[in-house]
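To keep things clear, I will list the structure first and then write my remarks on it.
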Amino acid sequence: MTSLVAKNRIDIAAAGLSAACLIHCLALPLVAAAAPMIASWSEAEWAHKALVLTAAPISLYAIIERTSARGGRAFAIAAASGLSLLAAGAFVEPLHAYERILTAIGGLTLGGAHIAWWRRHQFK
């Protein structure tokens with residue numbers, strides 16, 4: 001049986017990874033405009049894929065762990081939707097033109113789901 005502290009850490013880690021994905025996708029291009037060396041990082045395909053591959057196991061574990069809990073189905077739908085959008089932006093080539101918007105919406109949805117779950121259960 002997983003302790004409450006460990007479960008909360010999973011949500012915090014997953015939300016943090018979603019935030020890292022958003023920062024990479026939205027803020028790095030702005031920084032790149034000011035520093036040409038960083039420009040190559042903002043367009044690095046491997047970075048987005050690596051972030052999704054890092055976030056996926058943590059989020060999938062949280063989704064599976066919480067599906068049977070009260071309110072878990074709504075969390076699972078929101079988290080799976082966000083994760084799917086992140087993956088689509090990173091791995092589906094025909095959607096490359098929409099990568100930033102898919103990442104932004106997916107990251108906000110996934111991170112929001114984890115934060116909402118964490119806030120709902122932090123004092124239980």
Side-chain angles (χ1 to χ4, degrees):
M1 182 172 186
T2 313
S3 73
L4 181 60
V5 173
K7 287 180 181 181
N8 286 340
R9 286 183 183 156
I10 290 168
D11 289 308
I12 292 167
L17 286 168
S18 293
C21 215
L22 280 171
I23 290 168
H24 165 76
C25 197
L26 300 176
L28 213 50
L30 297 175
V31 174
M37 183 179 99
I38 299 173
S40 62
W41 297 346
S42 71
E43 297 301 322
E45 292 294 321
W46 65 267
H48 188 188
K49 290 176 180 173
L51 285 168
V52 172
L53 290 173
T54 303
I58 295 169
S59 291
L60 288 172
Y61 174 78
I63 291 167
I64 292 166
E65 179 79 18
R66 287 151 175 78
T67 301
S68 63
R70 182 172 175 234
R73 186 170 179 184
F75 165 79
I77 290 169
S81 297
L83 189 58
S84 296
L85 289 171
L86 285 173
F91 294 104
V92 180
E93 283 300 318
L95 298 176
H96 182 70
Y98 306 103
E99 180 180 1
R100 284 203 171 99
I101 191 71
L102 290 171
T103 298
I105 294 170
L108 288 170
T109 303
L110 180 59
H114 284 291
I115 290 169
W117 185 268
W118 174 73
R119 287 188 55 148
R120 181 178 177 193
H121 294 90
Q122 80 181 44
F123 298 111
K124 291 184 179 183

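In this structure, Thr67 and Ala76 approach most closely via the heavy-atom pair OG1-CB, 3.9 Å.
Residues that satisfy the side-chain contact (heavy atoms from CB on, under 4.5 Å) test with Ala62, not counting sequence neighbours, are Ile10, Asp11, Arg66, Phe75, His114. The side-chain contact (heavy atoms from CB on, under 4.5 Å) search around Ala116 returns none, not counting sequence neighbours. Residues passing the side-chain contact (heavy atoms from CB on, under 4.5 Å) test with Ile64: none are found, sequence neighbours excluded.
Atom CD1 of Ile115 is separated from atom CH2 of Trp118 by 8.0 Å, given to the nearest 0.5 angstrom. Between atom OG1 of residue Thr103 and atom OH of residue Tyr98 there is a gap of 14.5 Å, rounded to the nearest 0.5 Å.
Checked by atom type, the side-chain pair His96/Glu99 shows a donor-acceptor distance below 3.5 Å.
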Using a 3.5 Å cut-off and no angle test, enumerate the donor-acceptor pairs between side-chain atoms of residues 77-86 and protein atoms at least two apart in sequence or in another chain.
from  : atom 1 : to    : atom 2 : distance (Å)
Ser81 : OG     : Ile77 : O      : 2.7
Ser84 : OG     : Ala80 : O      : 2.8

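Following chains of ILVMFWY side-chain contacts shorter than 4.5 Å, one can reach Ile105 starting from Leu102, so the two form part of one hydrophobic cluster.
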